[in-house]
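Since the structure comes first, as structure tokens, the remarks are kept for the end.
Just so it is clear, the model here is predicted, and its values are computed rather than measured.
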Amino acid sequence: MSDPQALLDDDERSLLRRWTGDWAEPQLATLTDAPFSDPAWIYERKLDGMRVVAGADGGDPVLWSRSHRRVNTAYPEVADALAEQAADRFVVDGEVVAFDGDQTSFARLQRRIHLGDARAARNTGVRVFYYVFDVLAFGGVDLRRLPLRTRKRLLKESFDFTDPLRFSAHRSGNGEEFLAQACERGWEGLIAKRADRPYCSGRSRDWLKFKCVSDQEFVIGGYTEPRGSRVGFGALLLGYYEGDRFRYAGKVGTGYDERTLRDLRARLDRIERDASPFHDRVAEREAHWVEPELVAQIGFTEWTSDGRLRHPRFSGLRNDKPAHEVVRETPA
DNA sequence: TTCCGACAGTGGGGTCGCAAT
DNA sequence: ATTGCGACCCCACTATCGGAA
């Protein structure tokens with residue numbers, strides 16, 4: 001695609017502008033818990049990696065992080081693959097990911113996410129891929145006003161997708177069925193995008209996130225003090241039983257409104273005790289310990305390799321389950 | 001009027017790099 | 001050698017406010 005205009009009709013051509021600048025703030029998706037199916041939307045895999053906008057303006061490609069940091073040294077093979085493309089003036093948007101088996105693994109990606117030395121990054125043994133899902137500019141032309149479906153078509157036709165560069169596949173319409181399959185395959189979730197919309201930086205409802213969430217009960221074994229303007233407490237320290245051992249599962253510090261913070265703190269004060277109830281050492285400098293008897297429902301995305309909850313949030317207290325029956329539902 | 005997007009502020013796990021212990 | 005801290009990545013959520021619907 002040396003000339004994107006050749007593939008467009010007159011209406012689409014009228015949306016083109018000249019590209020200025022080298023970077024664009026990425027478009028973000030809004031989390032929703034009500035997945036739907038709609039032929040006006042397309043659905044793609046939500047990848048658990050690092051968001052990267054990559055561009056070139058006749059010279060070496062530059063990879064930008066969301067905080068507008070240049071991250072070429074962390075992913076030199078991605079920069080190389082982009083440099084080898086026929087085109088040398090473009091801006092694309094996508095996600096850099098690493099795999100653990102057939103699952104994308106943020107934990108593995110983290111081993112090279114901050115590396116400032118390209119050779120060190122290559123030597124980590126962590127292979128990365130750049131899943132490209134949008135094209136914002138090509139040949140000096142700003143494509144952002146084109147409908148998403150058209151941009152996808154241009155993207156697919158204008159780049160050579162060989163590893164580590166991959167075209168992020170999408171489906172039209174049946175979002176609910178796709179989500180069920182996604183969760184079954186252990187994916188993080190889906191991104192739903194309105195197929196007829198332009199690229200628009202920042203968060204909006206043109207892009208939505210459907211996440212495969214886990215949740216289970218945990219026993220509260222302590223809490224931390226609030227900081228700043230926070231009231232009640234900072235975070236709850238959570239645990240579960242493994243036989244007679246009360247194992248530590250990490251902290252949860254979000255999901256409460258002010259009233260819940262105050263009410264819960266009052267209840268915790270009544271069952272405070274001196275010693276930690278946890279079998280594991282909890283590296284918390286100023287923790288308060290409580291009798292492990294209150295049970296909380298916690299949503300989270302996954303267990304980390306250290307046995308902690310990732311992205312935890314409090315969704316309420318439960319009084320229908322005895323604390324001693326709370327066990328880890330997903331085995332380590 | 002209600003709703004939505006943007007912003008600030010609080011909290012999480014994990015990694016790296018650096019300084020203090 | 002270990003520990004603590006901040007800066008980054010990934011994030012969830014509450015509270016507030018102003019403007020759009």
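- Between R112(A) and dC16(B) there is no side-chain polar atom (N or O) within less than 4.0 angstrom of OP1 or OP2.
- Two residues are said to be in side-chain contact when any heavy atoms from C-beta on lie closer than 4.5 Å; L143(A) and T150(A) fail this criterion.
- Residue K46(A) places at least one side-chain N or O closer than 4.0 Å to OP1 or OP2 of dC11(C).
- When the nucleotides dC16(B), dA12(C), dG12(B) are ranked by their closest atom to the side chain of K209(A), dA12(C) comes out on top.
- Residue D93(A) forms a side-chain hydrogen bond (donor to acceptor under 3.5 Å, both in side chains) with just one option from R151(A), Q27(A), R51(A), and that option is R51(A).
- Using a 4.5 Å heavy-atom threshold, the side chains of Y248(A) and R308(A) count as touching.
- Between the side chain of H114(A) and the base of dC9(C), no donor-acceptor pair of N or O atoms lies under 3.5 Å.
- The six-membered or imidazole ring of F246(A) lies near that of F278(A), with a centre-to-centre distance under 6.0 Å.
- In this structure, CG of L47(A) is placed 11 Å from P of dC11(C), rounded to the nearest angstrom.
- Between G253(A) and R285(A), it is R285(A) whose nearest contact on DNA chain C lies nearer the 5' terminus.
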Check: protein-nucleotides 13-16 of chain C nitrogen or oxygen pairs below 3.5 Å:
{"unit_1": "dC13(C)", "atom_1": "OP1", "unit_2": "R313(A)", "atom_2": "NE", "d": "3.4"}
{"unit_1": "dC13(C)", "atom_1": "O4'", "unit_2": "T254(A)", "atom_2": "OG1", "d": "3.0"}
{"unit_1": "dA15(C)", "atom_1": "OP1", "unit_2": "E258(A)", "atom_2": "N", "d": "3.1"}

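- Closest contact between the side chain of S67(A) and the listed nucleotides dG9(B), dC10(C), dC8(C) involves dC8(C).
- Geometrically, R328(A) engages W303(A) in a cation-pi contact, judged by NZ or CZ lying under 6.0 Å from the ring centre and within 45° of the ring axis.
- Rounded to whole Å, atom P of dA12(C) lies 14 Å from atom CG of L309(A).
- Set against dC10(C), dC8(C), dG11(B), the side chain of A235(A) has dG11(B) as its closest nucleotide.
- Using the six-membered ring where Trp is involved, H68(A) and W23(A) have ring planes that are parallel, under 30° apart on the 30 and 60° scheme.
- Base pairing analysis places dC7(B) opposite nothing; no Watson-Crick or G-U wobble pair with both distances below 3.5 Å involves it.
- The side chain of S65(A) approaches dC9(C) more closely than any other nucleotide in the set dC9(C), dG14(B), dA12(C).
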